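In what follows, chains carry the letters A, B, and so on, assigned in the order in which the sequence lines appear, proteins first and then strands, with residues in each chain numbered from 1. Please read these numbers as outputs of a predicted model, since none were measured by experiment.
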Protein chains: 2
Amino acid sequence: MTTTEQSYNVYEDRCPTRLVLDCLADKWALLILDLLQGGPARFNHIRRDIKSISQKVLSQTLRRLERNGLISRTIFPTVPVTVEYALTPLGRTLTDTVSALTHWAEQNMDAIFAAQRAYDERDAG
Amino acid sequence: MTTTEQSYNVYEDRCPTRLVLDCLADKWALLILDLLQGGPARFNHIRRDIKSISQKVLSQTLRRLERNGLISRTIFPTVPVTVEYALTPLGRTLTDTVSALTHWAEQNMDAIFAAQRAYDERDAG
DNA sequence: AAAGATAGTTTCCAACAGAAACCACGGAGA
DNA sequence: TCTCCGTGGTTTCTGTTGGAAACTATCTTT
């Protein structure tokens, strides 16, 4: 309807933007990007910081972010081997937006929980 | 830690912010919020606009967004019945961030697809 | 009478997520 | 030497979720 200047329509199936959102609109991906704003981090460091993420999902998400050019993966031949993940320049252009999302979540938590309680009471009554 | 204003750590398990992200960090939720910026919409209208969303997931996502106070659900006793979904004031405070995400996706699509090609070629070679 | 519109729910199956075990490598301690 | 600890993952298994299609229910149109 209101696509005045955009040549892409986000709602269109097969729209490339949708493919991008498929990668970004993910809880773990956002948390990882947010974490890496604080500087490079290693696999087990991320795993310990983002509590309750499983190793499988962490490695899958890191690989997806790497494939999309948002983070880099550097192997240092130490003993034991060290693998460092860091934001790429492209990834860094995204962090303001990611921060905005997490900050919004923090600031509006109370309103959201109030809404949940109201909904659940309505539902029960 | 520093409980001056924020006492939450996004990476902490059981952090309430994480519960909020569980709701927001979802492709369909973001697309629906983005769509509703253009004004209220009915169930089948959203369904037709956001192509390839299934009815089940659409109704589940709408209900979750409603429960979290981001959208409202209004039933008009017409024939057949009309159900209108619209952003709440709380939901409207989120739309700037959502727009930022979708715009970022549109603007950086090409870089992302280039990164994907580079990754896949590296992988194949 | 049958089709079409409204807004969903239900059913079924495939895909995905998470927990735990396992792997390979080498260093350190008993 | 033998076992555990650390690195960074992969594999396996199982429970949850996602998506496609069919079904519900009500009323209008053809």
(message) I'd like to check the salt bridge (charged side-chain N to carboxylate O under 4.0 Å, His left out) partners of A:Arg64; sequence neighbours left out, ordered by chain and number.
(response) A:Asp26
(request) Output all residues satisfying salt bridge (charged side-chain N to carboxylate O under 4.0 Å, His left out) with B:Arg67, sequence neighbours left out; order by chain, then residue number. (result) A:Asp120
(message) Can you list everything that forms a side chain to side chain donor-acceptor pair (under 3.5 Å) with B:Arg73? Sequence neighbours excluded, please.
(response) B:Tyr85
(request) Sequence neighbours left out, what passes side-chain contact (heavy atoms from CB on, under 4.5 Å) with B:Arg117? Give chain and number order. (result) B:Phe113, B:Ala114
(request) Mind checking side-chain contact (heavy atoms from CB on, under 4.5 Å) for B:Pro40 and listing every partner two or more places apart, or none if nothing turns up? (result) B:Glu84, B:Ala86
For residues 53-62 of chain A, which side-chain donor-acceptor pairs fall under 3.5 Å, sequence neighbours excluded?
from    : atom 1 : to      : atom 2 : distance (Å)
A:Ser54 : OG     : A:Val57 : N      : 3.2
A:Ser59 : OG     : A:Lys56 : O      : 3.4
A:Thr61 : OG1    : A:Val57 : O      : 2.7

Calculate the interatomic distance between [X] atom [atom1] and [N] atom [atom2]; express it in whole Å.
X	N	atom1	atom2	answer
B:Arg18	C:dG18	CZ	P	10 Å
B:Arg47	C:dT9	CZ	C1'	13 Å
B:Ile53	C:dA7	CD1	P	14 Å
A:Leu58	C:dC16	CG	C1'	16 Å
A:Asp26	D:dT17	CG	P	15 Å
A:Asn44	D:dG9	CG	C1'	9 Å
A:Asp22	D:dG18	CG	C1'	13 Å
A:His45	D:dT7	NE2	P	12 Å

(request) State plainly whether one hydrophobic cluster holds both A:Val83 and A:Val79, where clusters connect Ile, Leu, Val, Met, Phe, Trp and Tyr through side-chain heavy atoms under 4.5 angstrom apart. (result) no
(request) Would you kindly confirm whether B:Leu65 and B:Ile75 end up in one hydrophobic cluster when ILVMFWY residues are joined by side chain heavy atoms under 4.5 Å apart? (result) yes
(message) I want to confirm an ordering. Mapping A:Ser54 and B:Leu62 to their closest nucleotides on DNA chain C, which one lands closer to the 5' end?
(response) B:Leu62
(request) Begin with the C-alpha distance, continue with both residues' side-chain angles, and end with the deciding distance and a verdict on side chain to side chain contact (heavy atoms under 4.5 Å, CB included) for B:Leu90 and A:Ile112. (result) CA-CA 9 Å; B:Leu90 179 61; A:Ile112 288 178; 4.1 Å; yes
Side-chain N or O of [X] versus OP1/OP2 of [N]: is the shortest distance under 4.0 Å?
X	N	answer
B:Trp28	D:dG19	yes
B:Arg48	C:dT6	yes
B:Ser59	C:dT9	yes

(request) Check for a donor-acceptor pair, side chain of B:His103 on one end and backbone N or O of B:Ser99 on the other, with a separation under 3.5 Å. (result) yes
(request) Would you mind telling me which of D:dT7, C:dG8, C:dA17 lies closest to the side-chain atoms of A:Gln60? (result) C:dA17
(message) What's the closest nucleotide to the side chain of A:Phe43 if the choices are D:dG9, D:dT7, C:dG8?
(response) D:dG9
(request) Check every strand shown and say whether B:Arg42 touches a base, only sugar-phosphate, or nothing at a heavy-atom separation below 4.0 Å. (result) sugar-phosphate
(request) Output the residues of residues 63-78 of chain B in contact with DNA chain C, where contact means a heavy atom of the residue under 4.0 Å from an atom of the strand; sort by number or write none. (result) B:Arg63, B:Arg73
(request) Kindly determine whether A:Leu33 and A:Leu87 satisfy side chain to side chain contact (heavy atoms under 4.5 Å, CB included), including the steps that lead there. (result) CA-CA 7 Å; A:Leu33 290 174; A:Leu87 290 175; 3.7 Å; yes
(request) Report the end-to-end axis angle of the helix from C:dA1-D:dT30 to C:dA30-D:dT1; each axis comes from five terminal pairs, and the value is rounded to 10°. (result) 30°
(request) Heavy atoms under 4.0 Å is the rule here; annotate nucleotides 21-30 of chain D 5' to 3' with B where the base is hit, S where only the sugar-phosphate is, and - elsewhere. (result) -B----SS--
(message) I need the full list of side-chain hydrogen bond (donor to acceptor under 3.5 Å, both in side chains) pairs touching residues 88-98 of chain B, with sequence neighbours left out, sorted by first then second residue.
(response) A:Trp104-B:Thr93
